[in-house]
S.K.: 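I have a structure here, written as C-alpha cells, and I will follow up with some questions on it.
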Amino acid sequence: MAIPGVGNCEMGLVGLGVMGRNLVLNLTDKGFPVAVYNRTPERTREFMEREVTWQNIRPGYTLEEFVGLLRRPRAILILVTAGSPMDAVIEELLPLLGPRDLIIDGGNSHFIDTSRRSRLLAEKGLLFMGLGISGGEQGARHGPSLMPGGSPEAYARVQTLLEAIAAQKDGKPCVAYLGNGSCGHYVKMVHNGIEYGLMQLLAETYDFMKRGLGLTAPDLAAVYEGWNHTELHSYLVEITAKIFRRQDEATGQPLVELILDQAKQKGTGMWTSWDAMDLQSPTPVIDVAVGMRDLSGYKVQREEAAQVLPGPPARYHGAPGAIITHLQRALYAAMVITYAQGLALLSRASRAYRYDLNLEAVVRVWRAGCIIRAAVLEDIRGAYQTQPGLPNLLLDPRLGKEILARQNDLRAVASLAAHQGLPVPAFMAALAYFDAYRSPVLPANLTQAQRDFFGAHTYERVDMPGVFHTEWEEE
Ligand code: NBP
C-alpha cells in the first residue's frame, strides 16, 4: 500500500479524543490511509509517537496542512464534543473545502443541530452526514454500530469504509443507510434513550436483590452471569456481572459499593424524552430512567429524608430463589417493553420528520457493536421483517406472547417491591404501559370532562359524532 501523503488520504479525522483516536486505529487497521488533526497539537504529537501503525496515518498540525493531505472530493469525520465545538470546527473548515466535499459529524449531536448544519452545508454545495456511533472506546477501536443519516450520495461516498470499520454480525456489517437529514443522529439519540431505560431496569434489579434479598456482590455477579446465559443475553447484563466481580485494589471491597450513588448524564436520554413528549409518543420507561438519574443527584436530601420518612423494612424474608426467577422473567418483559417504546417513537419520528426509516435496518445495526446489543434484538428484527409497518412491538404475535407469559412476573416484582418499600419505577412504568396499551377503554373520558368543565375545551362522544360542550355547573 502507498504511504499516504499530500492529497491521497482517503479520510480525514478531526478530534483525537477517546473516540477519534480509536476510530483512526480502526480505519488504518482496515487499510485506509487517514489524515488526523486535533485542536491541541500536543495531542496529535503524542498520538503519532505512541501508535506503531503511524505509517498509515498522516498528521496535519494546521487545518490547511490537514486538508491538503486529503484525496478529492474530501471526506472529513469530525469527532469533537457536541454543540458549539462542532460548529466551531465546521466554521474553520468551510473556507478550506470545495464543492462535493463531505463533512461527517460523528458526535452525539442533537438532531435539530444536525438539520441546521445539513441545510447550511447544502447551501454551500457541500455534503453532510450525521453519523451516530455507539460502542464506546472498545467499539470505536474494534467495530462500532454505525447509524448514518444524510443524502444517499453522501453515504455512497463512504459506504465501503463504514462497512469495513463497523461491528460485524453473522458476516454482515452493523451499518446501513438509515435515511435523510438528521435521521442518523435521531436514531442514535433513541438508542441512548433505550440504553437509559435498560440501565435503570438493571439498577432496580440490583437494588431489589441487594436491599430486598440481602445478596452480596459475589452473589450478584453469579446471578447476572447466569442471566447472561439466558434470553437476557446482552452487553449490559454481561458488563453488570463483571462490575460485581471487580474489587477495589486499595480496600479489597467490591468497587461498585465504593462508587457514589449519583448518576451523571450527558443529555441524550433527556432529549429522547423531550422529543417523545413533543411527538406525543409515550416512552415512560425512558422518562423514569432520566428522572431517577436526576433524583439520585439529591443525595443530601435523600439522606435527610431517610431520617424522617421511614418505610417498611426493605428485607424480604421468603426464599430468594423464586423472587430471582420473577426478576429475571420480569426484566426480559420490561426490556422488550423499553425497546417497544423507543421503536414506536422512531416510527412516529419517521413520519413527522420524513426520515422514511426502515426499522428492521435500525434493529439490524443495533445487533452488535452498540451498548444496547442483546439477543432479543434477533426476535425484534424478525418482528419488523415480517411486518415492516408494525405500530408497536407488543402487537408482534411472538413477542406479545412472550410478554403475556411474563406479565405475572412483572406484577410480582412491582407488588413485592411496593410492599417492601423498594423503588422500581422503571418496572412499574413498563407494567403500567403494558396494561394501558392493552386497555380498550381508559379513564381519559373523565380527563376530557374535567377539561371541558374548567376550560370549555369540548369533548367528543362515543354514541354520536360531533364536538360538544356542557355547562357543568348547575345554576
Ligand atoms: P473527548 O472529550 O475524548 O475529546 C474531545 C475532542 O474535542 C478533543 O479532541 C478536543 O480537542 C476537541 N475539541 C473540543 Br472539546 N472543543 C473543540 C473546538 N472548539 N475545536 C476543535 N476541537 C475541539 O470526546 P470523545 O469521548 O472522543 O467524544 C467525541 C464525540 O463522540 C462526542 O460528541 C461524544 O458525545 C461522542 N461519543 C462518545 C462516546 C464515548 O464513549 N466516549 C460514544 C459515542 C459517541 P483538544 O484536544 O484540543 O481539547
Side-chain angles (χ1 to χ4, degrees), residues 12-27 34-51 57 59-67 76-96 103-114 117 129-149 162 165-167 174-175 182 184-196 199 235-236 239 264-272 365-366 368-373:
L13 193 141
V14 176
L16 291 173
V18 176
M19 294 300 281
R21 281 197 306 274
N22 285 288
L23 272 172
V24 172
L25 298 179
N26 186 350
L27 279 159
V34 185
V36 298
Y37 169 83
N38 192 73
R39 176 182 59 174
T40 309
E42 202 40 50
R43 201 174 226 183
T44 312
R45 249 175 236 117
E46 278 170 25
F47 176 75
M48 294 305 295
E49 277 162 21
R50 207 172 40 242
E51 298 310 336
I57 307 172
Y61 290 96
T62 63
L63 269 182
E64 289 78 2
E65 184 190 0
F66 164 75
V67 168
I76 298 176
L77 172 57
I78 308 177
L79 270 156
V80 301
T81 306
S84 55
M86 179 58 67
D87 283 320
V89 173
I90 292 176
E91 210 163 294
E92 282 178 66
L93 275 171
L94 275 180
L96 307 174
I103 291 184
I104 304 171
D105 169 1
N108 275 338
S109 295
H110 192 284
F111 73 98
I112 302 263
D113 285 338
T114 304
R117 291 172 188 139
M129 173 187 287
L131 176 66
I133 304 182
S134 176
E137 190 174 4
Q138 285 305 308
R141 179 68 186 87
H142 301 291
S145 166
L146 297 173
M147 293 154 255
L162 296 183
I165 63 168
C174 287
V175 58
S182 54
H185 278 146
Y186 197 93
V187 171
K188 174 68 198 311
M189 175 187 81
V190 175
H191 163 286
N192 284 24
I194 293 171
E195 176 185 306
Y196 273 55
M199 288 171 73
Y235 174 71
L236 284 169
I239 66 163
K264 301 282 191 290
Q265 53 187 312
K266 286 193 170 167
T268 43
M270 181 176 67
W271 297 347
T272 308
V365 162
W366 287 349
C370 70
I371 306 299
I372 64 170
R373 62 185 186 258

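All values reported here derive from a predicted model rather than from experimental measurement. Order of listing sets the numbers, starting from 1, for every ligand and every atom in it.
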S.K.: Mind checking the CG-CG spacing from L79 to N22? Nearest 0.5 Å is all I need.
M.R.: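 Answer for the CG-CG pair, L79 versus N22, is 10.5 Å.
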
S.K.: Working to the nearest 0.5 Å, report the span between CG of N108 and NE2 of H185.
M.R.: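 Those atoms lie 7.0 Å apart.
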
S.K.: Report the nearest protein non-hydrogen atom to atom 4 (O) of ligand 1: residue, atom name, distance rounded to 0.1 Å.
M.R.: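 So the nearest neighbour among protein heavy atoms is G17 CA, 3.4 Å.
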
S.K.: At what distance is the nearest protein heavy atom to atom 14 (C) of ligand 1, and which residue and atom is it?
M.R.: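 Ranking protein heavy atoms by distance from atom 14 (C) of ligand 1, first comes R39 NH2, 3.6 Å.
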
S.K.: Does T40, backbone or side chain, put an N or O under 3.5 Å from an N or O of ligand 1?
M.R.: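 For ligand 1, there is an N or O atom that lies under 3.5 Å from one belonging to T40.
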
S.K.: What atoms of ligand 1 come closer than 4.0 angstrom to any heavy atom of G15?
M.R.: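 Those qualifying, in numeric order: 9 (O).
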
S.K.: Which residue supplies the protein heavy atom nearest to atom 36 (C) of ligand 1, what is that atom called, and how far is it?
M.R.: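 Result: N108 N, 3.8 Å.
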
S.K.: Please round to the nearest 0.5 Å and tell me the distance separating atom CD1 of I194 and atom CG of L236.
M.R.: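 If I round to the nearest 0.5 Å, the distance is 11.5 Å.
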
S.K.: If the cut-off is 4.0 Å to any non-hydrogen atom of T81, which atoms of ligand 1 fall inside it?
M.R.: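 What qualifies from ligand 1 is 5 (C), 7 (O), 15 (Br).
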
S.K.: Short list, please: which atoms of ligand 1 are under 4.0 Å from a heavy atom of G136?
M.R.: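 Those of ligand 1 that fall under 4.0 Å from G136 are 41 (O).
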
S.K.: Just by modelled atom types, is the V365 backbone N or O under 3.5 Å from a matching donor or acceptor in the S145 side chain?
M.R.: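 Yes; at least one donor-acceptor contact below 3.5 Å.
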
S.K.: Hey, what do you get for CG (L16) to CZ (R39), rounding to the nearest 0.5 Å?
M.R.: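 CZ of R39 is found 12.0 Å from CG of L16.
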
S.K.: Is there a polar contact between ligand 1 and V18, counting only N or O atoms under 3.5 Å apart?
M.R.: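 Between V18 and ligand 1 (N or O atoms, distance only) the closest approach is under 3.5 Å.
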
S.K.: Tell me: protein heavy atom nearest atom 27 (O) of ligand 1, and distance?
M.R.: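 The closest heavy atom on the protein side is M19 N, 2.8 Å.
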
S.K.: Can you label the angle between the F66 ring and the Y37 ring as parallel, tilted or perpendicular, going by 30° and 60°?
M.R.: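 Geometry flag for Y37 against F66: tilted rings.
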
S.K.: So is there a nitrogen or oxygen of R43 less than 3.5 Å from a nitrogen or oxygen in ligand 1?
M.R.: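 There is such a contact, yes.
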
S.K.: Name all residues meeting the ring-ring contact (aromatic ring centres under 6.0 Å, His included) criterion together with Y196; count only those two or more places apart in sequence or in a different chain, and write none if there are none.
M.R.: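 None.
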
S.K.: Any idea which atoms of ligand 1 are less than 4.0 Å away from a heavy-atom of V89?
M.R.: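 Listed by number with element, the hits are 20 (N), 21 (C).
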
S.K.: For ligand 1, which atoms have a heavy atom of I133 less than 4.0 angstrom away?
M.R.: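 So the atoms of ligand 1 that pass are 44 (C), 45 (C).
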
S.K.: Look at ligand 1 and say whether K188 reaches it with a heavy atom at a distance under 4.0 Å.
M.R.: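 Distance cut 4.0 Å: K188 passes for ligand 1.
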
S.K.: Name every donor-acceptor pair, under 3.5 Å, that has one atom in a side chain of residues 83-90 and the other anywhere in the protein, sequence neighbours excluded.
M.R.:
unit_1: D87; atom_1: OD1; unit_2: R116; atom_2: NH1; d: 3.3
unit_1: D87; atom_1: OD1; unit_2: R116; atom_2: NH2; d: 3.4
unit_1: D87; atom_1: OD1; unit_2: R117; atom_2: NE; d: 2.9
unit_1: D87; atom_1: OD1; unit_2: R117; atom_2: NH2; d: 3.3
unit_1: D87; atom_1: OD2; unit_2: R116; atom_2: NH2; d: 3.1
unit_1: D87; atom_1: OD2; unit_2: R117; atom_2: NH2; d: 3.3

S.K.: What protein heavy atom lies closest to atom 32 (C) of ligand 1? Include the residue and the distance to one decimal.
M.R.: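 Atom 32 (C) of ligand 1 sits closest to the protein heavy atom V80 O, 3.5 Å.
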
S.K.: With respect to A88, determine whether any N or O atom, backbone or side chain, lies less than 3.5 Å from an N or O atom of ligand 1.
M.R.: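 No, no N or O pair falls under 3.5 Å.
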
S.K.: Could you state the interatomic distance from CG (L162) to CE (M147), rounded to the nearest 0.5 Å?
M.R.: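 Rounded to the nearest 0.5 Å, the CG-CE separation comes to 12.0 Å.
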
S.K.: Would E137 count as a polar contact of ligand 1, with the cut-off being nitrogen or oxygen pairs under 3.5 Å?
M.R.: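 Between E137 and ligand 1 (N or O atoms, distance only) the closest approach is not under 3.5 Å.
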
S.K.: Would you mind running through ligand 1 and noting each atom that sits below 4.0 Å from a heavy atom of N38?
M.R.: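 Listed by number with element: 8 (C), 9 (O), 11 (O), 46 (P), 47 (O), 48 (O).
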
S.K.: With a cut-off of 4.0 Å, which atoms of ligand 1 are near a heavy atom of A82?
M.R.: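 Taking each heavy atom of A82 in turn, ligand 1 has 33 (O) under 4.0 Å.
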
S.K.: Roughly how far, to the nearest 0.5 Å, is CD of E92 from CD of E64?
M.R.: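 Reported to 0.5 Å precision, the distance equals 9.0 Å.
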
S.K.: Identify whether the distance between the nearest side-chain nitrogen and carboxylate oxygen of E42 and R45 falls below 4.0 Å.
M.R.: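 The answer is yes: the pair qualifies as a salt bridge.
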
